[in-house]
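Notes to accompany the following structure.
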Amino acid sequence: MAAKRAANHPSRVKFSRIMDLAYLPHVSGRARVVSTFTAKNTFGLELEYRIDCSFDGASLIDTSISEMAN
């Protein structure tokens, strides 16, 4: 999972199982999955992040993770 690979504390990555998930298919066969998660940073503070993944069929082709502004 891309979010856990990018996190300083992978065991602290938490996705909502109900909210903040979007699946956006394209006619080309590609799709985007957008979600949010929380994770602890290097100072131990829990922050919220957005993850945006692009797929070509079942293959992951791009991932972008950014901290959400409060």
Side-chain angles (χ1 to χ4, degrees):
M1 168 174 291
K4 288 190 177 196
R5 283 193 305 271
N8 291 320
H9 302 281
S11 64
R12 303 291 180 136
V13 172
K14 297 179 206 164
F15 282 92
S16 170
R17 298 198 188 278
I18 301 169
M19 303 296 288
D20 296 329
L21 177 67
Y23 174 76
L24 309 163
H26 297 276
V27 293
S28 67
R30 291 189 171 184
R32 284 179 56 206
V33 175
V34 180
S35 188
T36 59
F37 65 93
T38 59
K40 287 194 175 182
N41 66 10
T42 55
F43 301 109
L45 300 173
E46 190 168 89
L47 301 174
E48 189 172 12
Y49 297 88
R50 173 188 162 107
I51 186 166
D52 189 332
C53 299
S54 298
F55 291 87
D56 187 4
S59 299
L60 178 65
I61 56 175
D62 186 45
T63 301
S64 172
I65 299 173
S66 57
E67 184 179 332
M68 297 192 48
N70 290 335

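Here, residue 1 is the first one in the sequence, and each next residue gets the next number.
Within the structure, ring-ring contact (aromatic ring centres under 6.0 Å, His included) pairs that include any residue of residues 31-55 comprise Phe15-Phe37, Phe37-Tyr49 (at least two apart or interchain). For residues 20-30, the pairs satisfying salt bridge (charged side-chain N to carboxylate O under 4.0 Å, His left out) are Arg30-Asp56, with sequence neighbours left out.
There is no path of hydrophobic side-chain contacts, each under 4.5 Å, that joins Leu60 to Ile51.
Residues forming a salt bridge (charged side-chain N to carboxylate O under 4.0 Å, His left out) with Asp52 (at least two apart in sequence, or on another chain): Arg32, Arg50. For the salt bridge (charged side-chain N to carboxylate O under 4.0 Å, His left out) test, residues two or more places apart in sequence or in another chain that qualify with Lys14 are Glu46.
Atoms OG and CD1, on Ser35 and Ile65 in that order, are 11.0 Å from each other to the nearest 0.5 Å.
The minimum heavy-atom distance between Pro25 and Ala31, with the atom names listed, is CA-CB, 4.0 Å.
Leu24 belongs to a hydrophobic cluster with Val34, counting contacts under 4.5 Å between side-chain heavy atoms of Ile, Leu, Val, Met, Phe, Trp and Tyr, direct or through other members. In the hydrophobic clustering, Val27 connects to no other residue, as no ILVMFWY side-chain heavy atoms lie under 4.5 Å from its own.
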